[in-house]
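By convention in this document, chain letters (A, B, ...) are assigned in the order of the sequence lines, proteins followed by strands, and residues within each chain are numbered from 1.
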Amino acid sequence: MGSAPLSPMIELRHVDKWFGAHQALRDVSLTVERGGRVVVCGPSGSGKSTMIRCINALEGHEKGQILVDGIELTGDLRQIEAIRREVGMVFQQFNLFPHLTVLENLVLAPIWVRRMPRREAEELAMDYLERVRIPEQARKYPGQLSGGQQQRVAIARALCMKPQVMLFDEPTSALDPEMIKEVLDVMVELARSGMTMVCVTHEMAFAREVADTMVFMDRGEIVEEAPPEQFFAAPKNERTRLFLGQILGR
Amino acid sequence: MALWHWARSRLFGGPLNSLLTIAVLFLLARGLAAFVDWAVVRASLTAANARQCEAAGGACWAFIIDWLRFILFGRYPYAEQWRPALVLAIFVALLLVSFARLLPARMLAAVWIIGLAVVLLLMHGGVFGMPVVETEFWNGLPLTLILAVGGLGAGFPLALLLALGRRSQLPALRALSVAYIEVARGVPFIAWLFLGLIVLPLFLPPGVVIAKLWRAEVVFTLFIAAYLAEVVRGGLQAIPRGQYEAADALGLGYLQRMRLVVLPQALSLTIPAQVNTFIGAFKDTTLISIIGLFDPLQDVNTALNDPAWRLAYVEGYVFIAALYFAFCYLMSLYSRRLERRLAPARR
Amino acid sequence: MSKTGVSVRPAPRRARLWHDERARGVILQLAVVALVVGLLAWFAANAVENLRREGIATGYGFLGREASFAIGVALIPFSPANSYAHALLVGFLNTLLVAALGIVLATVLGFIVGIARLSSNWLVSRLALVYVEAMRNTPLLLQIFLWWDVLRLSAPQPRAAWQPLPHVFISNRGVYFPVPFYGPLDLWILLAAALGLAAAVLLRHRARRRQELTGKRLPALWLAPALVLLPPIAVFLAGGAPHLLDLPRMTRFDFAGGESVTFEFTALLLALGVYTAAFVGEIVRAGILAVSRGQSEAAEALGLRRGQVLRLVVLPQAIRVIVPPLTSEYLNLTKNSSLAVAIGFPDLFSVGSTIANQTGQVVEVMSILVAVYLSLSLATSLAMNLYNRRTALVER
């Protein structure tokens, strides 16, 4: 169910969201074009995770509109399911299924959601495992893998659904430093292959390399949105400057 | 405004939910109305027998009021019942002091031991002009409390020994501990009570007589020790090896390591499980009614033997249930509070 | 030693260490074992002496003697002329019966309560909480007495009997419920059901293979139960649709037909089931909560439906957490069934205590009871350990 080929991939229009009495998102509006790579940064509690979790309906929103590939997110379950098929998500805590092998993790959704025959699904899975460079781990269980390997499996798992856009929620924050690079490498390669990506991260070197738009969020609102050259060199907003100073001054 | 949001999501968050809420509210309203009618509106506080209450159509609280002293104190001599009453007050005071966390742990333990000694003295008499009352007549709520507190107090050290024994590297100690724990836990408590009651005298030299109460206390102690041992063992297992190693590195011997490093952590980790075990054991004290000891449940059963009040069994049992509920629920609240107090230290 | 100047590795200093630690361990063990053995020996000596004085027989010979008492509820035929051993067997079967039914009741009720506790509806989850707290904080024995007295004292005349479920009647004469009629048609019905079951299993197998190969799924969820149910129903109708159940019917003074059970059995069963259900509910709730939210979020993010998320991701992980404590709880229920002695239901413990009273041979009888309960416990422990080992999540 697409729409006119040049319409944006993701659109958020004046989205408000509350957790009880606390307002997590204030009048958030964002547009992600097809093939676009948006990196979202900001202090903790700024609402960046909440925002991308709203995109695939893991969180609901109270006001405003969210459209993915032209489909609007309302409470309608069928629409949500349709959107989730096209949106892949990678979590900070990996969330691999511990009772299934790596291969079974990858083929689960293609078999049960896209109704692929098992053989086809397994070929697809091995393909992506090669792309993330750990095909030999196919028969192992997630508990036997290192953090970096687990996260790469998680990326492959999301890719097996052949999504149109990939969401990353702080994918390297739970990793030991020496494993961050292997995951970022995979993400860079993914970006180069043309995947639309929205990424919440603190890894600024990665952002500079990959992003075409930087978004800074603070206290639930989008404070600044600009291409990376402008964002890093001359941030317009005082809060952005402050944040960048803290994060880059390490 | 927040309440409206809350109600919308938690009570009426969807067609099914709303239906459930309405159905439940309806049933609750009817049930509560009927209950209040029975328990309050048409209840009888004074009546000569259960039939009169029935005529009034409501609860027969008169039964409880009439028999209250018997339910609480059993066959303890009527004139001396100020002593068990004082004992109850002492227990309540001890519980409050513990609950309010006014004292450090060591002092608290000492206070409890002194309190228990005073309680036993009061119940038994023989000093300060108080006539002696045999343990056979220690009935009702004081009996339950003495049994439970005494059992916990004596059983705890044994439980520590068993837990350490089960984790020991020495095969004989481990085997003995495992055997004890598995056998004690694998057999119903009532069987142990029967054994304690009937078989224990057999195992003692001829002519040695131990009062029923103490036999029950011994059984209770041995039984609760087995369950507590497993709880403590769980705590010991949960402590990272690094703790043991750090203690070793500092040059601490086995006893010091256990006393200063390992056990304090194991015990504080497992407080909820310990309290759960104690609550279970506290409820198990009702089983002594089966072997002829007069705890509050048995007192109620005895009172119900009076034909005038036979039909007031619901009121009688509800009263006992409320009694136990009060104790047990407060204990579980206490454990939750303790947990929260100790949790921040464990970040 | 080192005549040539080459350094020789000194003899290990383990001699002193050995003397200190290992010897200490051995001495400690010897001391403890000696203490325990000594204590047991002293107990035994006293026991022998006491029994001699009381003139009580020893040994298990009494098991062959006539029981001389009747047993109200017996799954196998029993008369007072049967032996004590036979009586114990009847009691054991009664224990198994009430435990098995109690477990079923507790599980069904418990799962409902557990899921209710997890409900997003505040009222429902609070009500379930009230129920759980009420059961956890009141003694089981008290609940048994309450149920028993309600049945014994408040059950109405047969004419005005309570009907908690269709065709189940509770009056002051007893608890009546329907039972199936046994007739020649039943054999055919059973056969049809067996065939239907086989067909359903085959269907599921074919459906799974089909999905593996082509990705398409048959609606086996509907077809399988239909396959199991339809043939027996067809046979039933073809046979002229005779009476399926023997229903209790009100006659002049009492009920006739159906089957009845005693108040003691009913009270024990209900008390055990309702009480244990609260604990089962908490176990179920803990099991489902133990599966981190991230798991269901990841599954949902992949596009799986709620039902699929539960079935493929949450439940397999929850079951691992639920089964061990659940089995513990079942064992507790079985041990708690011994409270039958308080209300006179002839379970193993009850019968045993009657025998002990009659023969005076308490030690022998209790040893048998202890052995039986212990075997049940140990067997369950072993089974649990095996299950744990087989289903443990694989980690480094």
Chain C heavy atoms under 4.5 Å from [X]: which part of the residue, side chain, backbone, both or neither?
{"X": "A/L96", "result": "backbone"}
{"X": "A/M161", "result": "side chain"}
{"X": "A/F91", "result": "side chain"}

### Message
Quick check against the 3.5 Å criterion: does A/N95 have a side-chain atom that pairs as donor or acceptor with the backbone of C/G294?
### Response
yes
### Test item: A/H99 side-chain N/O and C/T391 main-chain N/O as donor-acceptor pair under 3.5 Å
no
### Message
Restricting to non-hydrogen atoms, name the atom on A/E81 and the atom on C/R305 that form the minimum distance, rounded to 0.1 Å.
### Response
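A/E81 and C/R305 have their closest heavy atoms at OE1-NE, 2.9 Å.
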### Query
Nearest 0.5 Å, what's the CD1-CD distance between A/I111 and C/Q308?
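Answer rounded to 0.5 Å: 11.5 Å.
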### Message
I need the single residue from A/Q93, A/R53, A/M89 that forms a side-chain contact (heavy atoms from CB on, under 4.5 Å) with C/E297. Which is it?
### Response
A/R53
Answer with side chain, backbone, both or neither: which region of [X] has an atom nearer than 4.5 Å to a non-hydrogen atom of chain A?
{"X": "C/R311", "value": "side chain"}
{"X": "C/R306", "value": "neither"}
{"X": "C/L302", "value": "both"}

### Query
Are there more than 12 heavy atoms of other residues, nucleotides or ligands under 6.0 Å from atom CZ of C/R210?
yes
#### Entry: Largest heavy-atom contact set with chain C, pairs under 4.5 Å, which of A/P117, A/P110, A/P98, A/A154
A/P117
### Message
So C/L304 and A/W112, do their side chains get closer than 4.5 Å, heavy atoms only?
### Response
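A side-chain contact exists here, since the closest heavy-atom pair is under 4.5 Å.
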### Query
Any idea which of C/L393, C/V291, C/L213, C/L312 has the most non-hydrogen atom pairs under 4.5 angstrom with chain A?
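Looking at each option in turn, the highest pair count goes to C/L312.
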### Close contacts, residues 108-131 of chain C versus chain A, judged by heavy atoms under 4.5 Å
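Under the 4.5 Å heavy-atom cut-off, nothing qualifies.
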